[in-house]
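Worksheet: one structure, shown below.
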There are 2 protein chains.
Amino acid sequence: MLDALGDPTRRAILETLRTGGPCSVGVLAERVPVSRPAISQHLKVLGAVGLVQHESRGTRNIYRVHQAGLGELRSWLDQFWGDALQAYADHVRQTEEERK
Amino acid sequence: MLDALGDPTRRAILETLRTGGPCSVGVLAERVPVSRPAISQHLKVLGAVGLVQHESRGTRNIYRVHQAGLGELRSWLDQFWGDALQAYADHVRQTEEERK
DNA sequence: TTGCTCGGTTAGTGGCAACTTACCGTTCGT
DNA sequence: ACGAACGGTAAGTTGCCACTAACCGAGCAA
């Protein structure tokens with residue numbers, strides 16, 4: 001998930017799909033400065049983690065961003081946020097007690 | 001930001017700081033299966049993007065997760081989410097009109 | 001069917017980044 | 001002041017991954 005978002009090219013693909021709406025692989029290859037096979041490989045990765053969804057229309061595949069992956073990221077972030085605050089509070093309390 | 005979160009070892013460091021609370025570099029090196037210099041380098045990266053904060057206490061540096069970076073990630077995610085929905089709605093409306 | 005376009009797959013290469021080893025500055029205890 | 005512990009930095013190596021070139025299958029039009 002975060003591994004998928006770690007690559008700048010994959011983020012550029014997502015950005016293109018976000019701002020321009022769903023489009024085909026060929027169009028993506030025109031807008032993102034890498035070859036078409038590279039686009040395919042990145043779309044495979046993005047699809048595996050649920051960040052992208054595709055729909056066959058004739059010979060061309062239309063890709064769009066998929067909210068499922070974004071939702072997973074959001075819940076992960078919320079959990080991380082809460083736990084970090086909790087752990088920090090615990091740590092403060094613990095060091096307070098050690099000071100006594 | 002997302003580049004920093006793209007590395008598994010860095011996520012392990014954050015996970016350790018999250019669950020165990022703030023701790024020193026040496027302790028982190030014990031809990032995460034990499035050498036101490038590697039920990040230092042990763043902490044440098046995490047600190048550069050505001051995901052981690054450190055505080056010198058004697059010779060040892062205590063690191064903890066910093067909410068600033070998490071907040072930035074959250075706002076980015078929220079914006080991305082909204083724009084994706086908007087772009088999708090636009091695309092649906094556009095294809096509807098093309099169908100006529 | 002034949003030709004054409006679109007796109008996924010494979011093989012191979014190059015570059016980057018994560019890791020370790022060695023070194024050095026800093027700070028505390030004795 | 002001396003030694004030890006802690007941690008950041010430099011240099012060097014290795015492994016992985018992003019990329020391209022070449023190939024192949026699938027669907028549409030003539």
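The chains referred to below are lettered A, B, ... by the order of the sequence lines, with proteins before strands, and numbering in each begins at 1.
- Closest approach to the P37(A) side chain among dA18(C), dT9(C), dC6(D) is made by dT9(C) (side chain taken as heavy atoms from C-beta onward).
- Looking at R60(A), its side chain has no donor and acceptor atom pair within 3.5 Å of the base of dG7(C).
- A sub-4.0 Å separation between OP1 or OP2 of dG7(C) and a side-chain N or O of K44(A) is absent.
- Closest to the Y63(A) side chain, of the nucleotides dA18(C), dT20(C), dG8(C), is dG8(C).
- Atoms CZ (R36(B)) and P (dA22(C)) sit 14 Å apart, rounded to a whole Å.
- When each of dC19(C), dC19(D), dA18(D) is scored by its nearest atom to the side-chain atoms of Q41(A), the top-ranked nucleotide is dC19(D).
- Taking the side chain of T59(A) as heavy atoms from C-beta on, and the options dG7(C), dC6(C), dT20(D), the nearest nucleotide is dC6(C).
- Side-chain atoms of L2(A) and L73(A), non-hydrogen and from C-beta on, do get closer than 4.5 Å to each other.
- Per the geometry, CG belonging to L43(A) stands 15 Å off C1' belonging to dC19(D), to the nearest Å.
- Distance from the side chain of S40(A) is smallest for dG8(C) among the nucleotides dG8(C), dG7(C), dT21(C).
- Residue R10(B) has its side chain nearest to dA18(C) when only dT20(C), dG8(C), dA18(C) are considered.
- Candidate nucleotides dT9(D), dA18(D), dG7(D) were compared by shortest atom distance to the side chain of T9(A), and dA18(D) ranks first.
- Listed nucleotides dT20(C), dA18(D), dT20(D) differ in distance to D7(A); the shortest reach to its side chain belongs to dA18(D).
- At whole-Å resolution of the value, CD in E55(B) and P in dG7(D) are 13 Å apart.
- Side chain of R10(B) to main chain of L5(B): no donor-acceptor pair is present (N/O by atom type, distance under 3.5 Å, no hydrogens or angles).
- Smallest separation of non-hydrogen atoms from L77(B) and R74(A): CD2-CA, 3.4 Å.
- Minimum heavy-atom separation, C23(A) to L28(A): SG-CG, 3.6 Å.
- Distances from the side chain of V34(A) to the nucleotides dT9(C), dG7(D), dT20(D) place dT20(D) closest.
- Straight-line distance from the CG atom of N61(B) to the P atom of dG25(C): 18 Å, rounded to whole Å.
- The nearest whole Å value for the distance from the CD1 atom in I62(B) to the C1' atom in dG7(D) is 12 Å.
- For H54(A) and dA26(D), the NE2 to P distance is 16 Å, given to the nearest whole Å.
- When the side-chain nitrogen and oxygen atoms of S35(A) are compared with OP1 and OP2 of dT20(D), one or more of them lie within a distance under 4.0 Å.
- Between the CG atom of L46(A) and the P atom of dG7(C) there is a distance of 16 Å, given to the nearest Å.
- Between the side chain of R36(A) and the backbone N or O of A29(A) there is no donor-acceptor pair closer than 3.5 Å.
- One can place NE2 of H42(A) at 17 Å from P of dG7(C), the figure rounded to the nearest angstrom.
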